[in-house]
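When a residue number appears, it is its place in the shown sequence, counting from 1. This structure is a prediction, so every number in the text was calculated from the model and none was measured.
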Amino acid sequence: MAFGVPTRIPWAPRHDGVLIGLLAVLVLGALAPSAGVWEPWEATQVSVVDQMHTTGQWLEVKIPAKGESTRAVAELPFGWWPMAASTALLGTHEFSVRLPGVLLGAAALLLLFSVARRFFGRGPAWYAVLACVSMPLWGYHTRFGLGQGVPMALTAISSLAFLRFGADPSASNRWRWAAWLSLAPSALAGGFIALITPLVTGAAARLTLRPNEGPRGLLGLVSTPIPVVITVTLIGLGWWRAAAHMGEDSSLNMLLFLTESLGDAPKGVDRPSFELFVHQIGIGLFPLGAILPFAFASLLWGSRETPDASPSVTAVSAGAAAWFGVAFLGPALGATYSHFAIFLGAPVVALVVAVYLDRVLRSPPEPLFACATVLVVALIDSNLKHETQLFAETLVGGAVDSFPAKLPYWGGAR
C-alpha cells in the first residue's frame with residue numbers, strides 16, 4: 001500500500017491477456033450498437049468497399065458524388081482492404097464493416113500492455129490499457145467505420161514494436177521483425193506520417209539508450225536486413241501502384257500526405273486549422289489530455305532525477321516524446337493538402353498518462369498540480385457540456401449538421 005492505494009493486482013499475470021481481450025471486445029465491439037450508425041461516414045466507407053468489389057479496381061478510391069455517380073479521391077486504397085475482406089467473407093453489415101478496426105484495436109491494446117509492463121510494471125500497464133479505451137478519439141475510430149481506425153491501430157502496433165526493441169537491449173529478434181513487418185501495412189494505410197512515426201520513435205529510443213555510439217547506434221535498427229528489405233519493397237511497390245491509379249487532378253503529395261475527410265473535396269490551397277489538432281488532444285482524449293503536460297514533464301524529467309532509473313526507461317521516455325511530437329506536429333504543420341488529419345498518438349498518450357498516474361498514486365499529494373488539472377478539465381468539460389456538436393466534429397473532422405443538444409450519458413461520464 002502507498003497512501004492508501006493498493007499496489008497488488010488481484011489476479012494472476014497469466015490472465016492479463018484474456019482479460020484485455022474481453023475488455024476490447026466489450027468496449028470496442030459489444031457496446032458499438034448502442035451508439036447507432038454514424039452517417040454519412042460509415043456509409044461512405046461501405047460505398048468505397050462496394051465499388052472495389054463491383055469494379056475489381058482495388059487501387060482506386062471512389063466515393064459517392066451527386067446523383068448516382070462517383071468521384072475518385074487521392075487516397076491510399078490499402079486501408080480499405082481489411083474491410084473489403086471482412087465484407088466479402090461475412091456480408092455487408094455493421095459487424096463486418098467494424099470488425100477490422102475492432103480486431104486491430106484489440107491487438108494494439110495487447111501490445112500496449114506488453115510494452116508498458118516490460119518497462120514500468122503491471123500496474124501502469126493496466127492503467128495504459130484503461131486510459132486508451134476511455135479516449136473518445138481512439139474508441140470511436142476503432143469501434144466504428146469512420147475511416148481512421150485501421151491506420152491508427154496499425155501505426156500504434158508498429159510504433160510500440162519499434163519502441164520495445166529500440167529501448168530494450170535484451171529484446172529478442174522477433175521484436176525487430178514485428179516492428180519492420182508491421183511498418184509496411186502502417187505506411188500503406190496511413191501514408192507518409194504513418195511511415196515516419198514508428199521510425200522516429202525507434203530512432204529516438206535507440207539514440208537515447210546508446211548516446212555514446214551517436215548515429216552509428218541506429219544501425220541496430222536495421223541489423224536484420226531481411227525484414228527491412230521486405231518492408232521497403234512492399235511500401236515502394238504499394239505507393240507506386242497507388243500513384244499509377246490517381247486521378248488526373250491529384251498529385252503524389254496529395255496521395256501520401258492527404259488525410260482528407262471523404263465528405264469534402266480536396267482543398268489544396270487551405271491549411272488545416274491548428275485548432276482542430278488541439279481539439280483532438282483536449283476533446284478527443286478527454287479528460288486525460290488535460291494532464292498530458294504534467295505527465296510528459298514527469299516522464300521526461302522525473303526519470304532523470306531518479307538515481308536508480310534504468311537507461312531503458314529513459315529511452316522509452318524519449319521514444320514516447322518523439323512519437324507524440326511526430327503524430328501531432330506532422331499532420332498539424334505539414335499536411336497542407338488536407339482539411340482533416342487524425343492524431344495518431346492516442347496510445348502513447350495513454351502510456352505516458354498511465355506512468356504519471358502510477359507515480360502520483362505512490363507520491364505525496366501535490367496540490368498545485370491537482371488544482372491545475374481540475375481547472376483544465378473543468379474548462380474543457382464546460383465547452384463540451386454546452387457544445388456537444390463540437391465533440392462529434394472533432395471525432396469525424398467535418399461539419400455535423402444535426403447532433404443532440406446534450407449527450408444523455410455525459411453526466412455519468414463526467
Side-chain angles (χ1 to χ4, degrees), residues 21 24-25 28-33 35-65 68-110 139-158 181-191 194 230-231 233-235 237-247 255 258-263 342 396:
V25 170
L28 301 182
L31 296 181
V37 178
W38 282 57
E39 296 282 7
W41 299 277
E42 288 190 287
T44 300
Q45 306 299 317
V46 173
S47 174
V48 172
V49 171
D50 284 344
Q51 286 288 328
M52 290 181 174
H53 283 303
T54 302
T55 64
Q57 300 295 329
W58 299 98
L59 295 173
E60 293 182 353
V61 178
K62 294 183 177 181
I63 65 173
E68 297 181 355
S69 61
T70 60
R71 67 178 178 88
V73 294
E75 183 83 26
L76 287 168
F78 308 104
W80 277 270
W81 286 12
M83 188 185 298
S86 65
T87 53
L89 292 174
L90 305 174
T92 302
H93 44 73
E94 293 178 28
F95 176 77
S96 61
V97 168
R98 296 168 176 173
L99 182 61
V102 171
L103 292 179
L104 289 171
L109 289 177
L110 288 168
Y140 276 81
H141 276 278
T142 52
R143 185 185 309 166
F144 301 109
L146 301 180
Q148 301 291 344
V150 169
M152 282 181 70
L154 288 173
T155 304
I157 291 171
S158 184
L181 294 183
S182 61
L183 181 63
S186 173
L188 290 174
I230 293 174
T231 298
T233 302
L234 289 175
I235 295 174
L237 182 62
W239 285 2
W240 171 60
R241 293 307 301 158
H245 287 77
M246 290 189 306
L255 180 71
L258 184 67
T259 43
E260 172 200 0
S261 175
L262 291 183
I342 196 71
V396 302

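Between W81 and F78, the two ring planes are perpendicular [angle over 60°; tilted spans 30° to 60°].
Within the structure, the salt bridge (charged side-chain N to carboxylate O under 4.0 Å, His left out) test picks out no pair touching residues 147-157 (sequence neighbours left out). Judged as a salt bridge (charged side-chain N to carboxylate O under 4.0 Å, His left out), not a single pair has a partner in residues 43-59 (not counting sequence neighbours).
Rounded to the nearest 0.5 Å, atoms CH2 (W41) and CD (Q148) are 13.5 Å apart. The distance from atom CD of E60 to atom CD of Q51, rounded to the nearest 0.5 Å, is 9.5 Å. Separating the CG atom in L109 from the CG atom in L104 is a distance of 11.0 Å, to the nearest 0.5 Å. Once rounded to the nearest 0.5 Å, the distance linking CD1 of I342 with CE of M152 reads 5.5 Å. Between atom CE of residue M52 and atom CG of residue L59 there is a gap of 8.0 Å, rounded to the nearest 0.5 Å.
Screening T92, V97, V48, V150 against M83 for a side-chain contact (heavy atoms from CB on, under 4.5 Å) leaves a single residue, V97. The side chain to side chain donor-acceptor pair (under 3.5 Å) test with T87 singles out one residue from H93, Q45, H53, and that residue is H53.
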Under 3.5 Å, which donor-acceptor pairs do the side chains of residues 181-190 form with other protein atoms, sequence neighbours left out?
{"residue": "S182", "atom": "OG", "partner": "A178", "partner atom": "O", "Å": "2.6"}
{"residue": "S182", "atom": "OG", "partner": "A179", "partner atom": "O", "Å": "3.0"}
{"residue": "S186", "atom": "OG", "partner": "T155", "partner atom": "OG1", "Å": "3.2"}
{"residue": "S186", "atom": "OG", "partner": "A194", "partner atom": "O", "Å": "3.0"}

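The shortest heavy-atom contact between A153 and G105 is CB-N, 3.9 Å. In terms of heavy atoms, L90 sits closest to S96 at CB-CB, 4.0 Å. Across every non-hydrogen atom of I157 and A107, the tightest pair is CD1-CB, 4.1 Å.
Scanning for side chain to side chain contact (heavy atoms under 4.5 Å, CB included) contacts around L237 gives W240, R241, with sequence neighbours left out. Scanning for side chain to side chain contact (heavy atoms under 4.5 Å, CB included) contacts around S47 gives P64, with sequence neighbours left out. For A106, the side chain to side chain contact (heavy atoms under 4.5 Å, CB included) partners two or more places apart in sequence, or in a different chain, are A24.
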From CA spacing to verdict: side-chain contact (heavy atoms from CB on, under 4.5 Å), E42, E94 = CA-CA 9 Å; E42 288 190 287; E94 293 178 28; over 6 Å; no
